[in-house]
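Throughout, numbering of the chain's residues begins at 1 and tracks the sequence. Just so you know, ligand 1 is whichever comes first in the structure, and atom 1 is the first atom listed for that ligand.
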Amino acid sequence: MKSFLHVEDIGDLGKALQEARQVKENPFAWKELGKNKTIILIFFNSSLRTRLSSQKAALNLGIDPIVLNVGADSWKLESRLGVVMDGDSSEHLREAIPVIGSYCDIIGVRSFAGLKDREFDYAETILNQFIDYSGKPVISLESATVHPCQAFADLITIEEYKAKVRPKVVMTWAPHPRALPQAVPNSFAEWMNAADVDFVITHPEGYELDPLFVGNAKVEYDQMKALEGADFVYAKNWSCPGTVNPEDYGKVLSKDMDWIVDSKHMAVTNNAYFMHCLPVRRNMIVSDEVIDSPRSIVIPEAANRVVSAQVVMKRMLEEMK
Ligand code: SN0
């Protein structure tokens, strides 16, 4: 695996899920694989789960992790090509990336969408520079358009909790005070489309995700109707993807509190499990009652972030041998 962004990068999903089970049962079985190997984890944005679960996954495999917070711990890095660097960025990614690549064997990068320039974001301009100039395998730790480690962990969690072969999974937009990226819903849709689930997306009009990620998923604008009979409810806010009106890209179009996932919404489901990637705004995205209920699986979902990251790093190490 040269890089990890999309569901195709992991290959056969059945095999990946089987490997996830093995890694979870016996996390230290491959401790020799990462001996004398280093992973550098680069954060352009905040993180709790991704930062800790990626380090833990590396440690389980015997890999030495190094974490860099860009800007806070390093020079401020320029990412645009061909600009006169007379602003506050001291170094360009063109130099920083090959330098970082020379110090490690695998690179993980978190670089959120700027939500200003759709073309810049959807071209994965920053992550692709890491792929092109580092000479090392690159893992997206949520880049502009995808969050594959999260979606893989979500799939592992659904696999663990499902009570039927083909569960109904509903991803619902929910209100949030700030403009958030589309990476999490994009990846979740991409992975659910590839998995053996009945997948439905629901959101207010104007929040249509990029067709590249929606694929053949069913889109239902009536949230209550979408939630009927759901086995899993996956809540997430995202800002306007700009697929209908490009000038609305990255904007908050609605803060409609009717879209919160509360007991009224959960009542029409098939006693569904509640999922969210976290961090979550209580009583905006989800009511206390729902997230504190026994059907909320947000903590085991987050715990599986170690498993998904470990499978990805393990595959990369095995290809180096
Ligand atoms: C990020 C997002 O992409 O939605 C990371 C999720 C894994 N979430 C946020 O930035 C939430 C920030 C907030 O203020 O609630």
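Closest heavy-atom approach to atom 12 (C) of ligand 1 within the set K236, R178, H276, H147: this belongs to R178. Between N45, T50, L180, it is L180 that holds the heavy atom closest to atom 8 (N) of ligand 1.
Looking from atom 2 (C) of ligand 1 to the surrounding protein, the closest heavy atom is P181 CD, 3.7 Å.
A centroid separation of 6.0 Å or more is found between the aromatic rings of Y234 and H276.
Close contacts between ligand 1 and L278 involve ligand atoms 7 (C) [criterion: under 4.0 Å to a heavy atom]. Residue-ligand proximity, R281 to ligand 1, at heavy-atom distances under 4.0 Å covers atoms 13 (C), 14 (O), 15 (O). Close approach of ligand 1 to H176 (heavy-atom distance below 4.0 Å) involves ligand atoms 13 (C), 14 (O), 15 (O).
Contact check for S134 versus I100: no side-chain heavy atoms found under the 4.5 Å cut-off. Side-chain contact check for M313 versus I39: some heavy-atom pair is nearer than 4.5 Å.
Note on D210 versus R118: salt bridge recorded, some NZ/NE/NH1/NH2 to OD/OE distance being below 4.0 Å. A salt bridge links K314 with E318; the closest basic N to acidic carboxylate O contact falls under 4.0 Å.
The shortest N or O to N or O distance between E142 and ligand 1 is below 3.5 Å.
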(Q) Under the criterion side-chain contact (heavy atoms from CB on, under 4.5 Å), I'd like the reasoning laid out for S3 against F130: C-alpha separation, chi angles, the key distance, then a yes or no. (A) CA-CA 10 Å; S3 55; F130 277 89; over 6 Å; no

